[in-house]
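For reference, the structure is listed below as structure tokens.
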Amino acid sequence: MTSYRFCRSDDVPLLVDAYNCCSRSEASAAELTVADFKILIRELDLWTSSCMVAHTGASPIAVLLAA
């Protein structure tokens, strides 16, 4: 069953894991780290409460980073 959740500020590691799992186009591309993500969201004025992760079981299948 697919489920989704809107994230909170303590869900940054979840967002990073979901992004790395779902959004990287090449396996050789560098993974996003929590520190890098925190820098990027500050630059974009992005709130984690505006982000969502979809799961099937324990595996993320989609991530939405929105402003």
Side-chain angles (χ1 to χ4, degrees):
M1 173 185 251
T2 302
S3 63
Y4 67 92
R5 65 178 277 173
F6 285 96
C7 296
R8 302 180 311 254
S9 58
D10 59 336
D11 287 328
V12 169
L14 172 67
L15 287 166
V16 170
D17 289 340
Y19 178 85
N20 286 332
C21 181
C22 300
S23 299
R24 291 188 323 135
S25 61
E26 297 179 23
S28 62
E31 287 192 353
L32 184 66
T33 65
V34 170
D36 293 337
F37 184 80
K38 287 181 178 181
I39 291 168
L40 289 172
I41 63 173
R42 257 185 253 125
E43 290 174 356
L44 296 172
D45 198 21
L46 178 69
W47 293 82
T48 53
S49 60
S50 299
C51 301
M52 186 174 70
V53 176
H55 291 271
T56 294
S59 302
I61 58 169
V63 61
L64 174 67
L65 305 176

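Source: prediction; values computed, not measured. Index from 1, following the sequence.
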Item checked: Criterion side-chain contact (heavy atoms from CB on, under 4.5 Å) on Leu40 and Leu32, from CA distance to verdict -> CA-CA 10 Å; Leu40 289 172; Leu32 184 66; 3.9 Å; yes
Check: How many angstroms lie between atom CG of Asp36 and atom CD1 of Ile41, to the nearest 0.5 angstrom?
Finding: 11.5 Å
Notebook entry, point to check: Between atom CG of Leu65 and atom OG1 of Thr48, what is the distance when rounded to the nearest 0.5 Å?
Noted result: 10.5 Å
Check: Atom OG1 of Thr2 and atom CD1 of Ile61: how far apart are they, to the nearest 0.5 Å?
Finding: 4.0 Å
Checklist line | Non-hydrogen atoms of Ala62 and Cys22 that approach each other most closely | finding: N-SG, 3.5 Å
Next item on the list: Write down the atom of Tyr19, the atom of Val63, and the distance for their closest heavy-atom approach.
Entry: CA-CG1, 3.9 Å
Margin query: Between Phe6 and Leu44, is there shared hydrophobic-cluster membership here, with clusters defined by ILVMFWY side-chain heavy atoms closer than 4.5 Å?
Written below: no
Margin query: Are Leu64 and Leu15 connected into the same hydrophobic cluster when the rule is that any two of I, L, V, M, F, W, Y join if their side-chain heavy atoms are below 4.5 Å apart?
Written below: no
Note to self: Rounded at 0.5 Å granularity, tell me how far SG in Cys51 sits from CG in Asp11.
What the structure shows: 9.5 Å
